[in-house]
Amino acid sequence: MALEGWLSKQAAVVAVPIVTVLFGILIGYLAQRSRFCSVGGFRDLFLFKHTRLVWGYLTLIIGALIGYIIFSLLIPSAFAGFPWVVKNGILSPIPGSPAGLSGIGYVVLTVISGLVVGLVGVFVGGCPLRQVTMTSEGNTKSLFFVIGMCIGAVVFAAFLSAWVVGLMKGAGL
Amino acid sequence: MITLTLENLRLKVLTMTDIKNGEEEPSGLDRFAKLPIFVGLVIGILAAFVQALLITAGGPEAYGFCVACHTRDLVNWIVNAGTGLKLAIAPISANSVLPVLTIVGVLIGAYISARVYREFRVKKGDAVQFLKYGIGGFVFMVFALLMAGCPYRIALNVGYINGIAIIAVIAIIIGVFIGTQVILRITEGTR
């Protein structure tokens, strides 16, 4: 089913870069002021029992839920897949996941990836959003993290994605 | 001695992530901007609003904000335009005149804020640190894309009631927990 939002197709394809850059500026500003960080929130909770940052991640989930409920009532055609487990099934992957795996395959992939993402985040002192904002604060180490991310994106799309899918299908997942 | 090293670590983390007390009194709005609990709520609700506005351009749903995927879209779009390759990008970026520019916005917004509040400081590193962070970014991106999102898009998808996203959040939390235990072992080992 084609998804339809408030803007027509012709308007939306022009609005995408403009709206996202404005939304990004607001996020960047707020993230810099608040030191917003997802991985850092859980790290501070486990290491020091600090809950300041972790509340931000929890309210992000709550805010998204509230937003999706409100806006899906206002314009249902833009939220055809909401709520996802009802419309698409319990183990239906997040769109854009490597294609063609079984439900269990996505669970395995997600658990491994989540563990690595959490681990790496702790060791570099923050999630990618924090790295991007620290880059803008003048941190050269974070700049190299962002460069590493960019290289990772290209290598993943060019080679790794297909390789991992082949590997997992070979394992019967 | 262990508590002392832990205290040092705590101070290091605090200076990295927490707010130092500024000289001037924060204005009304800035008091909110400094609160992660408020910032999270705003980003979440606006991500839903952006979807209501733009989704006709193309999917996926619950894609309003993602550091990994939106960076991927921008970088791969540029590479595709320059080389004629067809690296994967989300439909919303493929269909539009330009891809999602959220990350460009974040860089600009954070830079403005850092300048306005005089928190811009060039922090230098050495080659070993650059390599460590570069590899960190590479590994992070690859595994984030394997689960189709950074912790932020995962959070949006939890709000979208996606079962896989709920599993992902639990896995990230366990990963962070393991990481903190390793760090505690290391700080104990160096006493």
Side-chain angles (χ1 to χ4, degrees), chain A residues 3 5 9 12-13 16-17 20-21 24-25 28-30 32-35 38 42 46 55-56 59-61 63-65 67-68 71 78 81 83-85 90 94-97 110-111 113-116 118-120 122 124 128-129 133 136-139 141 144-145 148-150 152-153 156-157, chain B residues 17 33-34 36-37 39-41 44-45 48 52 54-57 60-61 67 72 75 87-88 96 98 100-102 105-106 109-111 113-114 120-123 125 130 133-134 136-138 140-143 145-148 151 155-156 158-163 168 171-172 175-176 179-180:
Chain A
L3 295 153
K9 179 109 179 171
V13 295
V16 162
T20 53
V21 81
I25 289 173
Y29 186 91
L30 293 176
Q32 199 280 331
R33 290 308 285 151
S34 63
R35 273 67 172 161
S38 56
F42 293 113
F46 293 139
W55 274 111
T59 54
L60 174 64
I61 294 175
L65 178 62
Y68 290 135
F71 288 107
W84 193 262
V85 291
I90 288 179
I94 298 169
S97 303
T110 302
V111 169
S113 306
L115 288 174
V116 175
L119 261 173
V120 173
V122 172
V124 294
L129 176 62
T133 54
S136 281
E137 290 172 1
N139 188 323
K141 286 181 283 182
F144 276 84
F145 186 93
M149 274 174 55
C150 295
F156 180 82
Chain B
T17 56
K34 282 175 150 185
I37 197 166
V39 172
L41 206 59
I45 294 172
L54 300 178
I55 196 74
T56 324
E61 293 164 76
V67 180
R72 183 266 325 265
V75 171
L87 301 178
S96 301
L98 286 171
V100 286
L101 296 179
T102 323
V106 171
Y111 180 75
S113 174
F120 185 88
R121 305 263 186 287
V122 174
K123 286 187 191 145
F130 291 157
Y133 273 74
F138 182 93
F140 195 103
M141 179 59 110
V142 167
F143 281 90
L145 290 178
L146 278 176
M147 62 175 183
L156 297 183
V158 173
Y160 223 67
I161 328 276
N162 183 317
I172 293 169
V176 174
T180 56

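Throughout, a chain's letter reflects where its sequence line sits, starting with A, and its residues are numbered from 1.
Considering only heavy-atom pairs separated by less than 4.5 Å from chain A, the leading option among B:Ile45, B:Val158, B:Val142, B:Ile37 is B:Ile37. Looking only at heavy-atom pairs under 4.5 Å with chain A, the residue among B:Ala168, B:Gly134, B:Gly163 that has the most is B:Gly134. Of the residues considered (A:Val122, A:Thr59, A:Leu65), A:Thr59 shows the highest number of contacts with chain B, using heavy-atom pairs under 4.5 Å. Interface check for chain A: of the options B:Val75, B:Asn162, B:Leu98, the most heavy-atom pairs under 4.5 Å are formed by B:Asn162. Ranked by heavy-atom pairs shorter than 4.5 Å toward chain A, the options B:Ala57, B:Ala52, B:Gly179 are led by B:Ala52. Highest contact tally toward chain B, considering only A:Ser136, A:Gly56, A:Gly96, A:Gly152, is held by A:Ser136 [criterion: heavy-atom pairs under 4.5 Å]. Counting heavy-atom pairs closer than 4.5 Å to chain B, the top-ranked of the candidates A:Gly67, A:Gly114, A:Ala157 is A:Gly114.
Side-chain contact between B:Val106 and A:Thr133 is present, with at least one heavy-atom pair separated by less than 4.5 Å. Between B:Val100 and A:Val16 there is a side-chain heavy-atom pair separated by less than 4.5 Å. Residues A:Lys141 and B:Phe130 have side chains in contact (heavy-atom distance under 4.5 Å, counting atoms from C-beta outward). A heavy-atom distance below 4.5 Å is not found between the side chains of A:Val120 and B:Phe143. Two residues are said to be in side-chain contact when any heavy atoms from C-beta on lie closer than 4.5 Å; A:Pro128 and B:Phe140 meet this criterion. Inter-residue side-chain proximity for B:Glu61 and A:Leu3 is flagged as met; some heavy-atom pair is nearer than 4.5 Å.
For A:Val85, the parts lying near chain B are the backbone and the side chain together; criterion is any non-hydrogen pair under 4.5 Å. Both the backbone and the side chain of A:Tyr29 come within less than 4.5 Å of a heavy atom in chain B. Both the backbone and the side chain of A:Ile94 come within contact range of chain B, judged by heavy atoms closer than 4.5 Å. Using a 4.5 Å cut-off between heavy atoms, A:Phe42 touches chain B through backbone and side chain atoms alike.
Residues meeting the side chain to side chain contact (heavy atoms under 4.5 Å, CB included) test with B:Phe120, sequence neighbours left out: B:Tyr111, B:Ala114, B:Arg115, B:Val122. With sequence neighbours left out, A:Leu30 forms a side chain to side chain contact (heavy atoms under 4.5 Å, CB included) with A:Leu26, B:Ala33, B:Val39, B:Val42.
Between atom CZ of residue A:Phe156 and atom CG of residue B:Leu145 there is a gap of 5.0 Å, rounded to the nearest 0.5 Å. Note that the CE atom of B:Met141 and the SG atom of A:Cys150 stand 6.5 Å from one another [nearest 0.5 Å]. Atom CG of A:Leu115 is separated from atom CD1 of B:Ile172 by 9.5 Å, given to the nearest 0.5 angstrom.
Nearest heavy atoms, A:Arg33 versus B:Ser113: CD-OG, 3.2 Å. Closest approach of B:Leu156 and A:Tyr68 over heavy atoms only: O-CE1, 3.4 Å. In terms of heavy atoms, B:Leu146 sits closest to A:Ser113 at CB-OG, 3.4 Å.
No donor-acceptor pair under 3.5 Å is formed between the side chain of A:Ser97 and the backbone N or O of B:Met147. Looking only at distances, a side-chain donor or acceptor of B:Thr56 sits under 3.5 Å from a matching main-chain atom of A:Gly5.
Aromatic pair A:Phe144/B:Tyr133: centroids not less than 6.0 angstrom apart.
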Run the side-chain contact (heavy atoms from CB on, under 4.5 Å) check on A:Met149 and B:Val67 step by step: do they pass? CA-CA 10 Å; A:Met149 274 174 55; B:Val67 180; 3.9 Å; yes

